Structure formats: structure tokens, C-alpha cells
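Bear in mind that the values here come from a model prediction, so they are computed numbers and not experimental data. Naming: A, B, ... by sequence-line order, numbering from 1 per chain.
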There are 2 protein chains.
Amino acid sequence: MDGTPSSPNFPCQSCEVRDTAICAALDDEELRQLNAIVTSVKLGPGATVFHEGDDSTYLFNVVSGSLRLSKLLPDGRRQITGFLFPGDFLGLSIAEVYAYSAEALVETTLCRFERGRLAKLLERFPKLEHRLLSLAGNELTQAQDHLMVLGRKTAAERVITLLLTLSKRIGVEQNGGWQADLPMGRPDLADYTGLTTETVSRTISLLRKKGLLDTNGMRRIHIPDIEKFSLHTGDY
Amino acid sequence: MDGTPSSPNFPCQSCEVRDTAICAALDDEELRQLNAIVTSVKLGPGATVFHEGDDSTYLFNVVSGSLRLSKLLPDGRRQITGFLFPGDFLGLSIAEVYAYSAEALVETTLCRFERGRLAKLLERFPKLEHRLLSLAGNELTQAQDHLMVLGRKTAAERVITLLLTLSKRIGVEQNGGWQADLPMGRPDLADYTGLTTETVSRTISLLRKKGLLDTNGMRRIHIPDIEKFSLHTGDY
DNA sequence: CGGAGTGTTGACGTCCGTCAAGTGGGGTGG
DNA sequence: CCACCCCACTTGACGGACGTCAACACTCCG
């Protein structure tokens with residue numbers, strides 16, 4: 001539309017997450033400099049972004065799709081530490097190597113930064129670093145909530161808490177309730193909640209019987225009454 | 001000792017954690033400005049620094065002693081999200097209100113910052129903010145490890161992982177092994193590991209029987225062989 | 001030395017994990 | 001367009017790890 005010589009258009013400007021991702025901290029001119037160091041990456045379902053233990057060369061922003069972050073014990077036990085959605089930043093907790101693996105749940109687009117180059121940009125734009133610190137604070141709070149879930153909540157409370165969180169993040173209002181299409185299967189729900197797929201399945205069946213939850217297919221959920229549903233998280 | 005007019009001594013300079021806490025990011029002149037906004041706070045065992053849900057007016061640095069960070073569910077279930085020791089920063093994950101309670105385990109000295117004034121200093125010294133971001137990254141990594149413990153490890157693995165972490169942080173080499181005086185009791189070990197005091201106690205007894213651990217009194221532990229002990233964390 | 005509080009041990013129950021057999025939805029090919 | 005098949009999910013029966021409840025023992029402190 002408006003391509004003046006001093007401000008020609010560039011990809012980051014029209015990015016879908018321009019106003020929600022870390023980019024929101026920057027004005028157009030600064031964004032241009034960020035644009036100069038990014039690469040767009042597209043991944044299919046199940047594709048690996050990086051593995052736990054790899055050298056942490058890159059950091060990422062989720063543009064579209066969703067990711068799962070997970071850690072493995074040598075004997076195969078897995079813990080999912082988080083799910084990422086558009087606008088989320090990936091790489092806040094990294095040292096020299098990644099502390100977890102990141103995999104795409106569905107077709108996903110990422111925006112990739114080389115670590116060193118982003119670091120230089122952080123020096124130039126303190127407000128970008130300020131935003132990262134604020135994001136890190138949010139993630140820490142989330143992680144602490146998750147610790148409470150895993151350490152002290154029952155199976156039902158864990159599943160309800162997760163479904164509620166996911167609904168708030170990726171759901172839409174529908175039929176006087178709340179509906180969401182989950183990008184992950186039962187094994188992922190299980191490894192996030194510290195349960196088994198069987199227990200997750202049984203719990204969801206129970207919630208359905210109690211009328212707290214509807215399902216349509218295996219991945220579409222519908223919560224008829226959020227208030228009533230929330231009463232079972234253990235948080236109230 | 002050396003009180004030149006341009007550089008008179010001030011408390012922060014001789015602080016015990018001058019080189020390990022966030023202060024390590026600052027030179028003497030900058031430290032003076034930090035010094036200008038801090039208050040020293042002393043707490044007895046069991047004293048509360050702040051409660052979950054309180055307005056987050058202050059941030060802190062641990063100078064000496066130790067703290068426990070915990071969250072409560074309405075029915076009284078408690079999860080301890082971390083223990084803090086000298087040099088640790090308290091307040092990385094805070095929004096407008098504290099997301100957890102902080103209590104002193106033993107006699108503890110804190111260095112207190114008003115949130116707004118520290119924020120101003122962060123603007124002036126980007127490297128201070130940089131250091132906070134790096135600390136936040138470490139805390140996130142720790143939290144993720146803790147998630148794996150709570151979600152997927154057995155009772156024995158949880159206790160061993162915790163004792164090992166504590167020994168590395170507050171222990172000393174002794175008798176060809178590693179020894180530590182724990183500042184917290186069984187209930188705290190239990191609420192950190194997501195177990196009950198009984199299970200923690202039984203597990204410790206079992207470790208003693210197996211020769212993996214000695215105890216002297218209720219709070220002094222001694223690990224004769226760290227290598228052998230580590231084999232039971234689940235991480236190898 | 002004594003008492004109170006913390007930790008330990010024992011008996012038993014329960015929630016969730018394990019193992020195994022269905023069931024159903026969705027995609028493919030006829 | 002329908003049938004089939006595969007895979008993911010569901011359901012059931014059973015077992016085990018950890019929680020609960022209660023009695024006992026030890027430590028620490030006055």
C-alpha cells in the first residue's frame with residue numbers, strides 16, 4: 001500500500017504475529033533490522049525443530065501451528081513441559097545446548113534467529129531484551145503452576161486444568177460454551193499431565209458422562225459450562 | 001580501608017554475595033547506585049517474606065540463609081517450587097502479584113529492592129537486565145527439570161535427585177564423600193518432591209539400609225559415594 | 001532430665017499404572 | 001461412494017506404588 005522510499009515493505013511488517021510476538025516491542029524501523037536476521041521455516045506434523053542436547057544455534061518465534069516441548073529420561077519416560085502456539089517465543093531457557101526437544105504438532109511456520117545475531121540486536125534494543133525478560137517471567141509463572149499440577153493434583157484435576165488452559169488459548173466460544181480443536185493426541189496429553197494415555201482417556205470419558213465435556217471426533221472438545229468445569233481444577 | 005573522596009565505601013561493596021548475585025553485573029560506580037535503592041532485611045526461621053497473591057511491591061536478593069517458595073491450593077495441598085540460597089534472586093516471575101509465597105527456613109538476610117526503582121535502574125543499566133534474563137533462563141531450565149521429576153520419576157528417584165541437588169548447592173566434601181546440613185524438615189522435602197513425609201522418610205531409611213546415604217541427626221546427610229548415588233536419579 | 005515436636009515404622013487402602021482386548025473414526029483404494 | 005483396514009482411542013481386569021491413619025521412637029531444647 002504505502003511504499004515510500006524511506007520505508008519499503010518487508011516481510012516482518014505483515015507478519016501474522018507482528019503485534020503479539022517479541023516484535024511488538026519494536027517500531028517499524030527497528031523491526032526492519034530484526035527482519036534482516038530472520039529466516040522463515042516451515043515444518044510438517046511430527047517434524048523436529050531441535051533435539052534436547054543439541055547445540056543451541058537458533059532461537060525461534062512461532063508464527064502459525066503449534067509445538068510440543070519435551071524432555072526424555074534414558075529409559076524412555078517422557079515429560080512434556082509445554083505447548084507453544086502462534087506468538088510464543090522458543091529459546092528463553094537455553095544455555096549452550098537445548099534443555100528440551102521441540103517438535104511440530106501440526107503444519108507449523110517458525111521465524112528463526114541465529115543466537116549470536118539476536119544477542120547483538122538485544123544489545124542495540126534494550127526494550128527487546130526487556131520484553132524477553134517479561135516473557136521469561138510469564139513462562140516461569142506458567143511452569144510453577146504446572147509444578148503444582150504435577151506435584152499435587154489428582155488425575156481429574158490435571159486433565160481439567162490442561163483442557164481449560166488449552167481452551168482459553170486456542171478455543172472459541174460456541175453454543176454458549178467453549179470449543180477447541182486440539183492439535184495433540186492422547187499420548188501428548190498424558191505426557192504433559194504426568195499420567196498414562198489410559199488414565200487420560202478414562203478421565204475424559206468420565207467428564208463426558210458427567211456432562212462437563214463433549215467430544216466430537218477424538219480431537220474436538222466442547223465445554224458446555226466453563227464455570228462448572230473450572231470448579232474441578234482444584235484451584236477453587 | 002580505602003576511602004578516597006571519589007569512592008567512599010558503601011555497604012554493597014563488601015556484600016558477601018557481591019560477586020555471585022545480580023550485583024556481579026555492575027562495576028563499583030554502578031553498584032553505588034544500586035546500593036542507593038536497597039534495604040537490608042533480616043528474618044527469623046519460619047518468617048514470611050510475602051504471601052502468594054500479595055501485591056508485588058518488592059524484589060529481593062538472598063544474602064545469607066535460605067528460603068522456601070511455595071504455592072497452596074484452597075484445600076491446603078502445598079507445592080514447594082524451589083529453595084533459595086545466598087546469591088539467588090527472588091522476583092523474576094512476578095507480575096502485579098506474587099505467584100507464590102516465600103518463607104525463611106532459617107535465620108536469613110535479604111537485600112530488598114522496590115520494584116519501580118529497580119525497573120528504573122534496569123533501564124539505565126541494560127547489562128543488569130541482561131543478567132536478569134540470563135538468571136531467568138537458568139530458573140526456567142531448573143523448573144523444567146523439576147517438572148520431569150514430578151511428572152515422571154519414582155519416589156526414590158525424586159528424593160535422590162533432590163538430595164543430590166541440595167548437596168551440590170550447600171554441601172561440602174567430607175570423609176571422601178559429600179555432606180550437607182539441610183535447612184528444611186521432612187514436610188518440606190515432601191512438598192518439594194510431591195510426596196508425603198512418610199514416603200520421604202521411608203525412602204531415606206531405605207537409602208540408608210542400602211549404604212547409599214548416612215544421616216546424623218535428622219538434618220545432616222552424608223553421601224559416601226556420589227557416583228553410585230547419582231546412578232539412581234533416573235537421569236543415567 | 002523430661003517433654004514436646006519431628007521423624008520413623010507398620011498395617012492397610014486407594015488411585016493410577018499395566019497389560020490386554022475391544023471399538024470406532026478417517027483415509028484409501030476399489 | 002462405499003467398504004475395508006489401520007491406527008488411535010477406549011474399556012476392562014488386575015496389580016503395585018504410594019497415600020492414609022495410627023502407634024512408636026528419637027532429637028533437640030529447655
Side-chain angles (χ1 to χ4, degrees), chain A residues 44-46 68 73 75-79 105-107 149-163 181-210 213-222 232 234, chain B residues 44-46 68 73 75-79 105-107 149-163 181-210 213-222 232 234:
Chain A
R68 128 187 110 218
L73 292 179
D75 64 3
R77 281 175 285 174
R78 186 179 69 149
Q79 178 64 45
L105 291 168
V106 295
E107 178 131 318
V149 171
L150 295 183
R152 290 305 183 202
K153 288 193 181 182
T154 65
E157 288 168 343
R158 295 181 196 208
V159 171
I160 292 172
T161 302
L162 172 55
L163 294 182
D181 286 303
L182 307 181
M184 72 290 286
R186 297 293 181 271
D188 286 340
L189 299 180
D191 284 342
Y192 183 89
T193 53
L195 301 168
T196 59
T197 56
E198 291 94 329
T199 298
V200 169
S201 185
R202 273 186 253 274
T203 303
I204 289 179
S205 297
L206 192 68
L207 295 177
R208 210 185 303 120
K209 249 175 256 168
K210 285 189 180 173
L213 185 70
D214 305 328
T215 58
N216 192 338
M218 296 191 280
R219 294 189 167 196
R220 170 162 298 176
I221 63 167
H222 176 249
H232 303 269
Chain B
R68 128 187 111 219
L73 291 180
D75 64 5
R77 283 176 284 176
R78 186 179 70 149
Q79 179 64 45
L105 291 168
V106 296
E107 178 130 318
V149 170
L150 295 182
R152 289 307 184 202
K153 288 193 180 180
T154 65
E157 289 168 341
R158 295 181 197 207
V159 171
I160 291 172
T161 302
L162 171 56
L163 293 183
D181 286 303
L182 306 181
M184 72 290 285
R186 297 293 179 271
D188 286 340
L189 298 180
D191 283 341
Y192 183 89
T193 53
L195 301 168
T196 58
T197 56
E198 291 94 330
T199 298
V200 169
S201 185
R202 275 187 252 274
T203 303
I204 289 178
S205 297
L206 191 69
L207 295 176
R208 211 185 303 119
K209 251 176 252 169
K210 286 189 178 173
L213 185 72
D214 306 328
T215 57
N216 192 338
M218 296 191 279
R219 295 189 166 195
R220 170 163 297 178
I221 63 166
H222 176 248
H232 300 83

ask   = Can you list the residues that meet the salt bridge (Lys or Arg N to Asp or Glu O under 4.0 Å) rule with B/Arg220, with sequence neighbours excluded?
value = B/Asp181
query = Contact class for B/Arg208 vs. all strands (heavy atom < 4.0 Å): base, sugar-phosphate, or nothing?
reply = sugar-phosphate
task = Could you check whether B/Leu195 gets within reach of a base, just the sugar-phosphate, or nothing at all, counting any heavy atom under 4.0 Å?
result = sugar-phosphate
key: Overall bend - the helix from C/dC1-D/dG30 to C/dG30-D/dC1, comparing terminal axes fitted on five pairs, nearest 10 degrees   = 40°
inquiry  = So, OP1 or OP2 of D/dA17: does either fall under 4.0 Å of a side-chain N or O from B/Thr199?
reply    = no
Output one line per pair: protein atom, nucleotide atom from nucleotides 21-25 of chain D, and distance, for all N/O pairs under 3.5 Å.
residue, atom, partner, partner atom, Å
D/dC21, N4, B/Glu198, OE2, 3.0

Take the protein atom [atom1] of [X] and the nucleotide atom [atom2] of [N], then report the distance between them rounded to whole Å.
X: A/Asn216; N: C/dG24; atom1: CG; atom2: P; value: 15 Å
X: B/Arg77; N: D/dT20; atom1: CZ; atom2: C1'; value: 15 Å
X: B/Lys209; N: C/dT8; atom1: NZ; atom2: C1'; value: 10 Å

Under 3.5 Å, side-chain donor or acceptor atoms of residues 189-196 of chain B against the rest of the protein: list the pairs with distances, not counting sequence neighbours.
residue, atom, partner, partner atom, Å
B/Asp191, OD1, A/Arg152, NH2, 2.6
B/Asp191, OD2, B/Arg78, NE, 2.6
B/Asp191, OD2, B/Arg78, NH2, 2.8
B/Thr193, OG1, B/Leu189, O, 2.8
B/Thr193, OG1, B/Ala190, O, 3.1
B/Thr196, OG1, B/Thr199, N, 3.2
B/Thr196, OG1, B/Thr199, OG1, 3.1

message = Each nucleotide in nucleotides 1-9 of chain D should get exactly one letter: B, S or -. Can you fill that in based on protein heavy atoms under 4.0 Å?
response = --------S
task = Give, ordered by number, those residues of residues 151-161 of chain A having at least one heavy-atom distance below 4.0 Å to an atom of DNA chain C; if nothing qualifies, reply none.
result = A/Thr154, A/Ala155
Test log, rule side-chain contact (heavy atoms from CB on, under 4.5 Å), inputs B/Arg186 and B/Ile204 = CA-CA 10 Å; B/Arg186 297 293 179 271; B/Ile204 289 178; 3.8 Å; yes
